[in-house]
Each structure stands twice: as C-alpha cells, then as structure tokens.
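These notes are about the structure you will find just below.
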Amino acid sequence: ERALGFVVTQTEVRYRAPARLDDTLEVTVEPTRLGPASLTVAQAAWRGGTLCAEGTIRVGSVDLATYRPVPIPPDLLEPLR
C-alpha cells in the first residue's frame, strides 16, 4: 500500500572462517543506528560456535516513484527500538 522501499547505501563485511554451501548457519541481526530515513544493522553468521562472517549494512528509506529519501514510518521503526 505504501510506495516505500529500502536501498542499501553502505556495507562492510569481515570474513572470519569458511562456510560451505550445505552448512547450516545461524545469522543474527541487531539494529545499531536508527535515523529518520535510514538504519544500520550489525549481522553475524555462525556455524555452530564458529563465527564465519560479521559486518554492517546501512539502508535508506526511499519513495519508490522518485527514489528520494523519505522518513521511515513510525510503525516500521518502533519494533526495532
């Protein structure tokens, strides 16, 4: 119903240990910065007790008609707090 989308604006990843195609990974996601039109999350991928990769992703909220930044609606932002 909303003409709202999210675009990736920045990523950073550090690979710590190999993972294979058939490995089962547990991925954690934690919001680290919530701005009016963007948010940053930290992620980590674990295989058992081994950290395979960790990093951050920043996404921006945009109007899909114009791709201009727009505020993230409160009902989407509040559950992340």
Side-chain angles (χ1 to χ4, degrees):
E1 304 238 347
R2 300 176 188 173
L4 175 76
F6 289 93
V7 295
V8 174
T9 61
Q10 184 178 9
T11 64
E12 179 182 324
V13 64
R14 289 172 298 284
Y15 297 100
R16 304 292 190 180
R20 302 202 185 334
L21 184 60
D22 61 346
D23 286 346
T24 299
L25 300 176
E26 178 181 337
V27 178
T28 60
V29 180
E30 180 181 344
T32 58
R33 183 188 170 280
L34 303 174
S38 68
L39 61 97
T40 303
V41 296
Q43 293 188 293
W46 297 83
R47 184 187 64 249
T50 302
L51 178 61
C52 295
E54 61 184 336
T56 58
I57 299 174
R58 183 177 180 192
V59 296
S61 173
V62 297
D63 179 305
L64 290 177
T66 64
Y67 279 86
R68 295 184 60 89
V70 294
I72 301 171
D75 64 313
L76 295 180
L77 204 52
E78 192 56 38
L80 301 174
R81 295 189 191 277

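- With rounding to the nearest 0.5 angstrom, the CH2 atom of W46 is 9.0 Å from the SG atom of C52.
- Expressed to the nearest 0.5 Å, how far CD of Q43 lies from OG1 of T28 amounts to 7.5 Å.
- Hydrophobic cluster membership is shared by L77 and V70, with clusters built from Ile, Leu, Val, Met, Phe, Trp and Tyr side chains linked at under 4.5 angstrom.
- Looking at T50 and R16, their side chains never bring a donor and an acceptor atom within 3.5 Å of each other.
- Under a hydrophobic clustering in which Ile, Leu, Val, Met, Phe, Trp and Tyr are joined whenever their side-chain heavy atoms come within less than 4.5 Å, directly or via other members, L51 and V13 fall into different clusters.
- For R68, the CZ atom is loosely surrounded, since the number of other residues' heavy atoms within 6.0 Å does not exceed 12.
- Within the 4.5 Å cutoff, the side chain of V62 has no heavy atoms near those of the F6 side chain.
- In the model, T24 has no side-chain atom that pairs as donor or acceptor with a side-chain atom of R47 under 3.5 Å.
- When atom types are taken as modelled, the side chain of D63 and the backbone of A65 share a donor-acceptor pair closer than 3.5 angstrom.
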Report the C-alpha separation of I57 and V8 in whole Å, then their side-chain angles, then the decisive distance to 0.1 Å, and conclude whether the side-chain contact (heavy atoms from CB on, under 4.5 Å) test is met. CA-CA 7 Å; I57 299 174; V8 174; 4.3 Å; yes

Apply side-chain contact (heavy atoms from CB on, under 4.5 Å) to the pair R81 and L34, showing each step before the final yes or no. CA-CA 8 Å; R81 295 189 191 277; L34 303 174; 3.8 Å; yes

Go through the steps for R58 and S38 under the test side chain to side chain donor-acceptor pair (under 3.5 Å), then give the verdict. CA-CA 7 Å; R58 183 177 180 192; S38 68; 3.3 Å; yes

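- L25 CG to R20 CZ: the interatomic distance, rounded to the nearest 0.5 Å, is 12.0 Å.
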When you look at L80 and L39, which way does the side-chain contact (heavy atoms from CB on, under 4.5 Å) test go after all the steps? CA-CA 10 Å; L80 301 174; L39 61 97; 3.8 Å; yes

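- Side-chain atoms of V59 and T9, non-hydrogen and from C-beta on, never get closer than 4.5 Å to each other.
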